[in-house]
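Atoms within each ligand, like the ligands themselves, are counted from 1 in listed order.
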Amino acid sequence: MEYKSIWELNDINENPKLNNDLEVDVVIVGGGIAGISTAYYLRNSNKKIILLEKDKVGNGVSKFTTGKLTYLQNDIYPNIIKDRSKSDALEYFNSQKEAIKLAKEIIYKHQIDCNLTPIASYLFAYNDTKSFNEEKDFLKEAKCQFEESKKLPINFPCKEALFVHDTFCFHPLKFITKLKEIINNSNLNIYENSIVKNIIKEDDYYIIETDSNKVKTKQVIITTNYPFFTFPKLLPLQLKLEKSYLLEATKNNEDNFLALSTDKPNYTFRIDNEHFIFGGYSHNLSKEINYQEKMNTVLDDFKKHFDNKINNYWSIHDVVSKDHLPLIGSLNKDNEGLLIATAFHKWGMTNGILAGKILSDIILDKTNKYKELFDPERDLKIKGIINMVTNDSLIGKAFIDSKLNKNKKDYKNVTFKNEDGVNIGIYIDENNIEHKIINRCPHLKSSLIFDEEAKVWICPCHGSMFDIDGNLLKGPSVDNITYKKS
Ligand SMILES: Cc1cc2nc3c(=O)[nH]c(=O)nc-3n(C[C@H](O)[C@H](O)[C@H](O)COP(=O)(O)OP(=O)(O)OC[C@H]3O[C@@H](n4cnc5c(N)ncnc54)[C@H](O)[C@@H]3O)c2cc1C
C-alpha cells in the first residue's frame, strides 16, 4: 500500500523553462485542467499566448482527483438555492451538462485515449435523507431523468438512492497530457518549471515576474487553483479550502458505477473497469488539522465494509467559494485584463474544462451564456456573507493557533525548535536522517502542520504544501522553506 495518486503518469516530454524576457498578448498561469483547457481553446487564435507552469503540467490538484464527469455533485443544488437562487441552481445544472458535452467533444475530436467510460452515477443517503430529498426535488424540477433505488450496486449502507446514466469517468492525466501535446503542436508555447512570483500592473500592461524572467502582457489568466496573490480583491478572505481523502483497491465485483452520499461524512465511490476508488470525508482544511488521523479513518472504514486489497491512498484540498459557485472571469472592473478561474468546489473536471471555454470566449470577445453566472464580481447574497464570516473566523483561529504553536499535535517523527531565532521543524526519516525546514509559510506567515502519511508540510490556513526538505509543492506560497544554517 503506497501513498500515491493512481493517475501519476511518466510523461517524459518536459517542456522548456522560460529563459528569456517576452512581450505577449496573454499569459496563462498554471497548467492544471483549467489552465490547459484554456490554452486548448486559445491555441489557434491569432494572439501571442504563453502558459507558465511552476512544475509539470497536470501535477497540481488535477492529479489527485477522482476523475468523474458528472452533474450529480453531493447536495450542491439545494446549497446554491440557499445561497443564491433557484434559477442560478438550474443554470449551474445546465452548465455541468454542457461541460460534460465539451469534454466529450474534445475527446472524440482528437480521439484521446483517456479511458472515457459511460457510467451510471448514484446519489445516496445512508442516514439522514433531508439533503437527499432536497436534491431529488431539485432534480425533478430540472426535469432530470433519474431512477430510484433503495440500495447501491455494492453492499454498503443506503436508505435512499437515485441514479442517472448520462455521466462518465476518465483518466484525468491522460486527458491533460494529450491536451498538452495538441497545444505543443500549435503556436501557443507552454513553459514548465517556470513559477510566477509576482504580477505588477503598469499602465495598460501587466508585468509577470517569474523566477528567471519578465513577461509583459495585456491580459493574464490565473488558473493556479488557489490564487497566489492577496490583492486585488483579497481573495484569500473570500475562499476556503476543503480537504478530501481517497484510496484505490483491487476490484473484485462486476458492477461499474459512481456514487456520492448527500449526508456527512460524505462518501464517494468510483468503480470502473479497472479501479475501485473509495473516500470522501471532506472537511475544512483549517478546522480539523489531524490529517493523518482522518486518512486512517478512511482506511479503517473501508476495511470494515470491504475485504479488497488497498493499493494506493492519497489526499488533497480544493478551493470552494462562499456561494458554491466557481469564480471564472475578469477579477474586477479595475483589472479587466486580470482573469481568474478558481473555487471549483471539488468539481474541477467539469468546471475546469468549462472555465477554459468561458475564459477563451472572453479573451476572443465572444459571448458565453455562463459568463454572468460565474462572474467573480457577482453580488453576494446575505447567507453567503454569513457563511464566510464563519470561514474567516476558522482561518483566523487556525492562524492564531498556528502563531501560538497550539496546533502541534503528537508527532511520531517530528520535533520543533528555535535555532538562532528561527523556528525550525524537523522531520526524522526512516534512516534517522533529519530534514529541517523553516516553520513559517512564506505566504502569510502561518506555522505549518506535518502530515505524516503524505510526508508533507501543510499550511492549515491557505493550503501551501512543501516536501520534507521545504521545497514548494503547492501554492499559494511561491517560495520554498528550505533551511540552510548560515
Ligand atoms: C479528493 C478530490 C476528488 C475530486 N474528484 C473530482 C471529480 O471526480 N470530478 C471533478 O469534476 N472534480 C473533482 N475534484 C476537483 C478537481 O480535481 C479540481 O477542482 C481540479 O483538479 C482543479 O484544477 P485546477 O486547474 O484549478 O488546479 P490544479 O490542477 O492544481 O492546477 C493549477 C496549476 O497551477 C500551477 N501553479 C500554481 N501556482 C503557480 C505559480 N505561482 N506559477 C505557475 N504555476 C503555478 C500548479 O503547479 C498547478 O499545476 C476533486 C477534488 C478533490 C480534492
Quick one: nearest non-hydrogen protein atom to [atom], plus distance?
atom                    : answer
atom 49 (O) of ligand 1 : Glu53 OE1, 2.7 Å
atom 43 (C) of ligand 1 : Lys54 N, 3.3 Å
atom 29 (O) of ligand 1 : Ser62 OG, 2.5 Å
atom 14 (N) of ligand 1 : Lys346 O, 3.0 Å
atom 22 (C) of ligand 1 : Asn225 ND2, 3.6 Å
atom 41 (N) of ligand 1 : Val196 O, 3.0 Å
atom 11 (O) of ligand 1 : Met349 N, 2.8 Å
atom 28 (P) of ligand 1 : Val61 N, 3.5 Å

Any Gly475 heavy atom less than 4.0 Å from ligand 1: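 No, that is not the case, since the closest heavy atom of the residue is not under 4.0 Å from the ligand.
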Should Gly67 be listed as contacting ligand 1, given a heavy-atom distance under 4.0 Å as the test?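 Checking ligand 1 against Gly67, which is what was asked, there is a heavy-atom contact under 4.0 Å.
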Test your reading of the structure: does [X] have an N or O sitting under 3.5 Å from an N or O of ligand 1?
X      : result
Lys56  : no
Tyr245 : no
Asp55  : no

Just to be sure I'm reading this right: ignoring hydrogens, which of Ala34, Gly280, Ala99 gets closest to atom 25 (O) of ligand 1? Compare them by their nearest heavy atoms.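 That would be Ala34.
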Tell me the nearest of Val320, Leu69, Val319, Asp318 to atom 18 (C) of ligand 1, using heavy-atom distances.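 The nearest heavy atom belongs to Asp318.
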Lys251/Asn256 under side chain to side chain donor-acceptor pair (under 3.5 Å): CA gap, chis, key distance, verdict: CA-CA 10 Å; Lys251 189 186 161 180; Asn256 289 351; 2.5 Å; yes
Measure the shortest side-chain to side-chain distance between Asn59 and Lys54 over non-hydrogen atoms and say whether it is less than 4.5 angstrom.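 In short, these two side chains do not touch, never coming nearer than 4.5 Å.
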Check the angle between the aromatic planes of [X] and [Y] and answer parallel, tilted or perpendicular using the 30° and 60° thresholds.
X      : Y      : value
Phe302 : Phe306 : tilted
Tyr291 : His283 : parallel
His462 : Tyr226 : tilted
His165 : Phe163 : perpendicular
Phe138 : Tyr77  : parallel
Phe170 : Phe175 : tilted

Using a 4.0 Å heavy-atom cut-off, say whether [X] meets ligand 1 through its side chain, its backbone, both or neither.
X      : answer
Leu246 : side chain
Val478 : side chain
Trp347 : both

Atoms of ligand 1 close to [X] [distance to a heavy atom under 4.0 angstrom, numbered from 1]:
X      : value
Gly348 : 10 (C), 11 (O), 12 (N), 15 (C), 16 (C), 18 (C), 19 (O), 20 (C)
Val29  : 42 (N), 43 (C)
Thr350 : 11 (O)
Ile195 : 40 (C), 41 (N), 42 (N)
Ser244 : 1 (C)
Leu52  : 43 (C), 44 (N)
Ile33  : 23 (O), 25 (O)
Thr223 : 32 (C), 33 (C), 34 (O)

Evaluate Ser282 against Glu242 for side chain to side chain donor-acceptor pair (under 3.5 Å), listing each step before the verdict. CA-CA 6 Å; Ser282 301; Glu242 282 193 9; 4.6 Å; no
Aromatic contact, [X] with [Y] (centres under 6.0 Å):
X      : Y      : result
Tyr3   : Tyr313 : yes
His305 : Tyr267 : no
Phe269 : Phe156 : yes

Is any NZ, NE, NH1 or NH2 atom of the basic residue among Lys218 and Asp25 found under 4.0 Å from an Asp or Glu carboxylate oxygen of the other?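 Salt bridge present between Lys218 and Asp25.
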Can you tell me how far the SG atom of Cys459 sits from the CG atom of Leu448, to the nearest 0.5 Å?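 It is 6.0 Å, given to the nearest 0.5 Å.
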Atom NZ of residue position Lys174 - does it have more than 12 heavy atoms of other residues, nucleotides or ligands inside 6.0 Å?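 Yes, because the 6.0 Å sphere around NZ of Lys174 holds more than 12 heavy atoms from other groups.
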